[in-house]
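Structure first, then comments.
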Amino acid sequence: MDDKKHESVQVKSSEITPEHLYLSRREFLKSIGLVGAGALLAAACKRHGQTPSTTATNPSPADVSKTFAPSQTSAISSTDKLGEPITSYENITGYTNYYEFTVNKRDVGEVAKDFMTTPWEVAVGGRVNKPRTFGFEDLLKLFSQEERIYRFRCVEAWSMVIPWVGFPLAKLLKEVEPMSDAAYVRFETLLDPEQMPGQKADNFPWPYAEGLRLDEAMHDLTILATGLYGKSLLPQNGAPIRAVIPWKYGFKSIKSIIKIELITDQPDTFWTKVGPQEYGFYANVNPDVNHPRWSQATEHRIGEDNPRKTFLFNGYAEEVADLYKGMDLTRNFD
Ligand SMILES: Nc1nc2c(c(=O)[nH]1)N[C@H]1C(S)=C(S)[C@@H](COP(=O)(O)O)O[C@H]1N2
Ligand SMILES: [Mo]
C-alpha cells in the first residue's frame, strides 16, 4: 500500500481487529477445515505472499495457541484497521531490540535462541492488598488470550504492525487489588548474565526496568503479550511474557518480565537512566517532538520502501489523549 493511499484513510482509534472480523473459531474451522490459530494466520499470510516461519524450536513453557480464546481468534484479518498489512513473521522475529542479548537487531534471534523460559514466574507486589507470584501457566489459565493487532513504533523511527496474543494488564492488576496510594507501576526484566551476555557488561543499568502511571497501565490497550501470529513468543520478542503499550515508543514495551510492582512515586527506568535528555518517562509517540538527534515526523515500516507519516500517540489519540489532558505534550522528556 503506498503512502498516498495511506494518507487518505482517516486515522482512527486502535488496530484492534474490528468486531466483524472476529469469527467463532469453531464455526470457522468447520467451514474451512483448518486446525488452529497458527494455521489460520498462515493461511491469511499466504494470501499476502508472506510465510510465517515454522522453524521455531525454543522450548516454551506453555503453548499459547492452546489457550487462545476461540471466540476471540481473528480468523481472517491480515491487515490492521487502516488496511496496513501486518508485518511478516520473519521481520517481526528477525529485526528486534533486546540489549540483554546483543545490540545488533538482526542477530538477537540467534544469540537468544537457547534462552530458557521455563519455569517462569512473575511476582506482583508493592502497594497491593493481595501480592502474588504467578507461574506463567497460571496467567494463561486465569486470563483468556486475545489477539490484538497493533502498530508498533520504535523511537529509532522504524515501525511494524504486529498481531499480538495476550491479555489486558488491567486484569492482572485487578487480581492483586492496588491500594489507593498506588500511582505507578514498575516492571523489571530477568537479570541473568549467564544467559544474557549483554548483561555481563556494566555499560547499561541492568536489569532493564520500565514504568507506567497506574491509569496508563489500566488502559485497555495496554497488554501483556504471550505470543504473536497465534504462536508463543520467541526469546527475541520477549518470551515468555512482555508488555505492549502501542501509543508509546517501543522501549516502554519491556520484555521477559519477572516483576511488577505497584508504587507511589514515578520510577526511574532503564532509558531515563541511560539518557535522560533523550528518553522520557512518558515517551508517547509524537511526530512534532523530535528526538534530539533525529526527526520523529516519519517512520520506516519494516518491509516497505517508502516512509510513512508518524501519528500522534501512534494513531491511538482517540483512545488515550484524555489520559494527558492538561499536560504539555511537547515536553515529552519529563
Ligand atoms: N528487556 C528489554 N526490553 C525491551 C528492550 C530491551 O533491550 N530489553 N528493547 C525495547 C525496544 S527499544 C523496542 S523497540 C522493543 C522491540 O520489541 P520487538 O523486538 O518485539 O519488536 O522492545 C523493547 N523492550
Ligand atoms: Mo526501540
Side-chain angles (χ1 to χ4, degrees), residues 53 56 86-113 115 117 120 122 148-166 186-193 195-199 201 203-212 222-229 231-260 269-275 278-280 283-285 291 293-294 296 299-303 310 314 332:
S53 164
I86 292 175
T87 302
S88 73
Y89 189 79
E90 281 71 19
N91 278 332
I92 298 172
T93 58
Y95 189 89
T96 71
N97 272 327
Y98 202 161
Y99 279 26
E100 284 86 338
F101 292 102
T102 167
V103 297
N104 301 320
K105 295 185 217 317
R106 297 188 192 280
D107 298 339
V108 181
E110 177 60 24
V111 178
K113 70 178 190 311
F115 181 51
T117 54
W120 194 273
V122 182
R148 299 283 185 104
I149 300 174
Y150 286 158
R151 275 199 301 282
F152 187 90
R153 171 57 159 86
C154 175
V155 74
E156 298 165 328
W158 54 267
S159 67
M160 301 189 178
V161 176
I162 303 182
W164 299 107
V165 176
R186 182 180 178 278
F187 307 84
E188 207 172 284
T189 296
L190 179 70
L191 181 66
D192 186 353
Q195 288 206 80
M196 297 170 142
Q199 291 179 336
N203 52 343
F204 285 113
W206 312 113
Y208 198 100
E210 259 305 335
L212 295 170
T222 302
I223 59 167
L224 291 178
T226 57
L228 59 84
Y229 267 99
K231 307 188 217 189
S232 302
L233 287 179
L234 293 182
Q236 59 265 42
N237 292 111
I241 186 163
R242 57 90 59 87
V244 179
I245 306 103
W247 71 95
K248 292 181 179 285
Y249 289 118
F251 66 82
K252 299 295 291 183
S253 294
I254 181 173
K255 296 177 168 180
S256 309
I257 297 167
I258 54 147
K259 191 172 171 187
I260 300 177
T269 69
F270 183 85
W271 287 106
T272 61
K273 284 183 194 164
V274 169
E278 303 201 340
Y279 307 102
N284 292 315
V285 175
H291 186 279
R293 292 182 281 135
W294 59 83
Q296 295 291 27
E299 62 201 54
H300 171 216
R301 180 66 49 81
I302 303 301
T310 289
N314 202 21
N332 217 2

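Just follow the structure's listing: the first ligand is 1, and inside any ligand the first atom is 1.
Of all atoms in ligand 1, numbered sequentially from 1 with element shown, those under 4.0 Å from a heavy atom of Thr189 are 1 (N). Near Cys154, the atoms of ligand 1 lying under 4.0 angstrom from a non-hydrogen atom of the residue are 14 (S).
A perpendicular orientation is assigned to the rings of Trp158 and Tyr95, their planes being inclined by more than 60° (bins at 30° and 60°). Taking the six-membered ring where the residue is Trp, Tyr98 and Phe101 present perpendicular rings, their angle passing 60° and hence far from 30°.
For Lys252, the salt bridge (Lys or Arg N to Asp or Glu O under 4.0 Å) partners two or more places apart in sequence, or in a different chain, are Glu210. Taking Thr269 as the reference, Thr272 meet the side-chain hydrogen bond (donor to acceptor under 3.5 Å, both in side chains) condition, with sequence neighbours excluded.
Between Ser253 and ligand 1, at least one N/O pair is under 3.5 Å apart. Residue Thr96 has no N or O atom closer than 3.5 Å to an N or O atom of ligand 1. Looking at ligand 1, you'll find an N or O of Glu100 within less than 3.5 Å of one of its N or O atoms.
Asn97 O, 3.3 Å is the protein heavy atom nearest to atom 9 (N) of ligand 1. Atom 7 (O) of ligand 1 has its closest protein heavy atom at Tyr99 N, 2.7 Å. For atom 10 (C) of ligand 1, the closest heavy atom belonging to the protein is Tyr208 OH, 3.5 Å.
Put simply, no part of Phe101 is less than 4.0 Å from ligand 1, judged by heavy atoms.
If you look at Phe152 next to ligand 1, the close heavy atoms, those under 4.0 Å, all belong to the side chain. Looking at Phe187 against ligand 1, nothing comes within 4.0 Å, counting heavy atoms. When non-hydrogen atoms are compared, ligand 1 lies under 4.0 Å from the side chain of Arg242 (C-beta onward) but not from its backbone.
Between Tyr249 and the choices Glu156, Arg153, His291, the side chain to side chain contact (heavy atoms under 4.5 Å, CB included) rule is met once, by Arg153.
Summarising the contacts of atom 22 (O) of ligand 1 with Lys255, Glu188, Glu156, the nearest heavy atom is found in Lys255.
The shortest side-chain heavy-atom distance between Leu228 and Leu233 falls under the 4.5 Å cut-off. Using a 4.5 Å cut-off on side-chain heavy atoms (C-beta onward), Trp164 and Pro246 make no contact.
The cationic atom of Lys231 (NZ for Lys, CZ for Arg) lies less than 6.0 Å from the six-membered ring centre of Tyr89 and within 45° of the ring axis.
Residues Met160 and Arg301 come closest through the heavy atom pair CA-CD, 3.7 Å.
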